[in-house]
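To start, the structure itself, in C-alpha cells.
Here is the naming used below: chain letters follow the sequence lines, and residue numbers restart at 1 for every chain.
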Amino acid sequence: MRSAGKIVAVIAVVVVAALGTYLGLTAPEHGLSPASDLDSCLSTTVEFSGMKLNEETRTQIVSEVLAEITPYKGVRYDKVNISAMKNGEDYGLTVICFSDACECQDAYVFTYYGAGKELVLNGHVLDAIPAAERAKAISVALQNEEAASLMRANSLETVLPTVRRVLPETAEKFYLPKTLLSVTWTRFGDNPVVVSVLVDPDARKAVEVWSNLEVENKGGEM
Amino acid sequence: MKKEEAKTLVVLMAFLLSIFSVAAAAGQAAPPQPVLNLGAIVVGLEAGAASQASSPLAARLEVPEQSEEEQQVDYKILQISPKNEWFELKPGGEKEFAVRVKNKDEGEVSTRPRIEVQPYGEYFLEEEWITVEPGSAEIKAGEEQEYIVTVKIPADAEIGHYNAQIVFTNDTMPSPYPAPFPVYVNSLMLSIQVWEPPKILIQPQYIHDKIETGQSQEYKIQLENKGDKAIAISPEIGGKERWGGPFENTIPEGWLTIYAPAKVEANSKATVRVTVNVPEDAKGRYEGGINLNIDDPSIERWDQEVHLSLEVWKQPTTPFRESFAVKQGEKVCVVVTARQHTYDKYGGEAEEKEEPSFNVALSLATLEGGRVIPEPSKTVKKGEVSLGMDYLPPWEASSEGMYHVLSTEYSETYELTNVTGGVWTLEILPRNAESFEYTIERGE
C-alpha cells in the first residue's frame with residue numbers, strides 16, 4: 001500500500017511537472033513568442049485549500065488549472081493557491097497566483113465539472129504585473145489628454161490606480177489581439193467615479209479611454 | 001438743385017472709394033500671407049490688389065515692390081508615407097522600414113534623400129546611423145518611389161531620444177520672418193528611442209498611506225539588480241518630475257530620513273528605508289518623493305523616482321457631543337456606525353486596515369456621577385460586495401461575477417433601559433474612522 005501511494009505521488013509530480021513544462025513552453029504571451037522563463041511552472045508551488053479532495057480529482061484539477069493560467073510576460077508564478085468548494089458533482093475553484101516579482105496577484109475563478117472532467121473559466125482579475133511595467137502603463141495613461149482631463153475634473157489625481165492585464169481575446173474587441181493593460185482610477189462612495197485607460201504596453205500608447213460618467217450621461221442626463 | 005445733389009453724391013462716392021483703396025493698399029503692405037495653391041505659394045493679397053486696379057479714383061500709395069520670386073515661390077510637394085516614424089532600438093540594434101514617396105505634381109521631381117539632424121533635442125543622431133536606398137531617384141508625375149531606410153544604432157550609443165529628418169528635396173517652407181533653421185517640405189520626421197531593459201527593479205514606485213500626527217512610519221523600497229555589475233545609488237529627497245510636482249503641500253524634508261546602501265550588488269537585492277516622522281501640528285494631504293539617483297543609464301530620470309503620498313490625520317481628543325431629551329423610564333438605544341472602503345481586493349479578501357472603534361459615553365447633569373459609560377450590547381460588521389459591472393471598464397468584464405469587496409461597515413449598539421428623564425448628552429470619540437454616523441432611538 002505504501003509503495004502504491006508513493007507511485008501515485010510520483011505520477012502526480014511527473015504529471016504536474018510535465019504540464020508545467022508544457023505550459024512554460026507553449027503558453028505564448030501576446031500570441032507571438034513563448035514566455036521568457038521557460039521553467040516558469042517547474043518551480044511553482046501549488047497549494048490546495050478548502051475541502052479535501054481525493055488524490056485523482058486533485059491531480060486532475062491541478063493539471064487542468066496549470067494548463068489554463070498564464071502569467072504576464074517575463075513573470076513566473078512562484079505560488080499557486082487553489083481553493084475548492086464542492087457543489088454537487090462539480091467544484092468551484094478560486095485560484096490565486098503569486099509571483100515574487102509582483103506586488104499583486106492574479107485571481108481566476110473556475111468551475112470544474114466532475115462528470116465531464118471539464119474545467120471552465122468563469123472570470124479572472126490579473127493584477128500580477130511587475131512594478132516597472134505598472135509604472136510605465138500609469139505614465140502612458142496619465143499622458144492621455146482625455147483621461148487627464150477626466151481625472152482633474154473628478155479629483156482623481158490622488159487615487160492609486162489599478163493596473164490589470166487584458167488578455168488578447170478581450171483586447172481584440174477594443175484594439176488588437178494582444179496583451180494590453182487597463183489602468184483604472186476608482187473612487188468609491190455614493191457617486192462612484194471610474195476612469196480607465198486601455199494601454200498598449202509595447203507601443204506605449206493609450207488606445208481607449210472609458211469613464212462611468214460618460215456611460216451615465218449617454219442618455220442625455222446631467 | 002438736382003445738379004448740386006448729384007455733385008455732392010459723386011464727391012461722397014469718390015471720398016468713400018478713396019478710403020477703401022487706402023485700406024486695400026495698407027493690407028498689401030502687411031506681411032505676406034502664404035496661400036497653398038497646388039504646389040505653388042502665392043504671396044500677397046489679391047483682393048486688395050484687385051480693388052486698387054479697378055478704382056480710377058483711388059489714391060496711389062507707394063509700397064515696396066516685390067520681386068516675381070517673392071510673390072510666387074514654386075516648389076514641389078511630394079506625398080510621403082509615413083510622414084513620421086517612431087520606434088525603439090537597443091544600442092547595437094538595427095531596423096529597416098519602407099517609405100513611399102509619390103509625386104503628385106505635374107512635372108518630374110528629382111529626389112536625393114539625405115539626413116538632416118535636428119538642431120535641438122537632448123541627443124543628436126549621427127548621419128552614418130541611417131542609410132536610405134536608393135540614394136537618388138527621378139520621380140515622374142503621378143508615380144511613386146519606394147525607399148528603404150535602415151537605421152543602425154552603434155553598440156556604444158547613449159540611451160535617450162534621438163530625432164532627425166530624412167529630407168527628399170531641398171524645398172523649404174518660405175517664411176516672412178528669419179527662421180533659425182530651414183523647414184523642409186518634403187521630409188520625414190524620424191524619432192528613435194534608444195533604450196535598454198533596466199538592470200534594476202524598483203518596488204514600490206508609489207507609496208500611499210494614512211498616518212496619524214505625531215507618529216512615525218518606515219517604508220521599504222526594494223531594489224533588485226539583475227545585472228552582473230554593482231550599481232551605485234544615492235537616494236535623496238526630491239523626485240517631482242514624474243509625478244507632476246511641485247505639490248501644493250510638499251512633505252517637508254525634515255520629516256524624512258533615508259537609510260540606504262551606497263550600491264546594489266550584482267544579482268542581488270537592497271533595501272532603501274524611508275522613515276517619515278509626522279509632527280503633531282501636521283494635518284491634511286502631503287505629497288513628496290524620493291529620487292533614488294541610480295547609476296544605471298537604462299533607467300530614465302523620472303523612472304528613478306518613488307512618490308510618497310500621505311494623508312495625515314489627527315486623532316480627535318475631545319468627543320463629538322449631541323444632546324437629546326428622554327422621558328423618565330424610557331429606553332435609549334444608540335447606534336454608531338463607521339464605514340471603510342476597501343480597494344481592489346478580489347477573491348473575498350479585504351484590505352487590511354485597523355478597524356474603527358468608538359468610546360461612547362452618556363451624561364446627565366442630575367445623574368449621580370453625572371456620566372454612564374455603556375458597553376456595546378451588539379457589534380455588527382457589514383460588508384458590501386460587488387459582482388457586477390458597475391465599477392468596471394468594459395475591457396475588465398472578465399472579472400464580472402467575481403466578488404469584489406467595496407466597503408465594510410462597523411457598528412456598535414448601546415442600550416440603556418429605564419432611563420432617568422432629562423436632557424442627556426451623547427459623547428462619541430471615534431478611532432480609526434474618517435467619518436461616522438449615529439442614531440438615537442428613544443421609546444418604551
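In this structure, CD in B/Glu396 is found 12.5 Å from CZ in A/Arg165, a value given to the nearest 0.5 Å. In this structure, CD in B/Glu88 is found 4.5 Å from CZ in A/Arg204, a value given to the nearest 0.5 Å.
Enclosure of atom CD in B/Glu96 by more than 12 non-hydrogen atoms of other residues, nucleotides or ligands within 6.0 angstrom is indicated. Within a 6.0 Å sphere centred on NZ of B/Lys83, heavy atoms belonging to other residues, nucleotides or ligands number more than 12. Within 6.0 Å of atom NZ in A/Lys86, more than 12 heavy atoms from other residues, nucleotides or ligands are found, so the atom counts as buried in its surroundings. Counting non-hydrogen atoms of neighbouring residues, nucleotides and ligands closer than 6.0 angstrom, the CD atom of B/Glu218 exceeds 12 such neighbours.
Contact record, B/Ile202 with A/Ala131: O-CB, 3.3 Å, taken as the closest heavy-atom pair.
Within the 4.5 Å cutoff, no side-chain heavy atoms of A/Pro130 are placed close to those of B/Leu201.
In this structure, the portion of A/Ala203 lying under 4.5 Å from any heavy atom of chain B is its backbone and not its side chain. At a 4.5 Å heavy-atom cutoff, B/Gln222 makes no contact with chain A through either its backbone or its side chain. For a residue to count as touching a neighbouring chain, one of its non-hydrogen atoms must lie under 4.5 Å from one of that chain's; by this rule A/Thr170 touches chain B with the side chain only.
By the side-chain hydrogen bond (donor to acceptor under 3.5 Å, both in side chains) test, A/Glu169 pairs with no residue at all, sequence neighbours left out.
Within the structure, every pair that satisfies the ring-ring contact (aromatic ring centres under 6.0 Å, His included) test and touches residues 127-182 of chain A, not counting sequence neighbours, is listed here: A/Phe174-B/Trp395.
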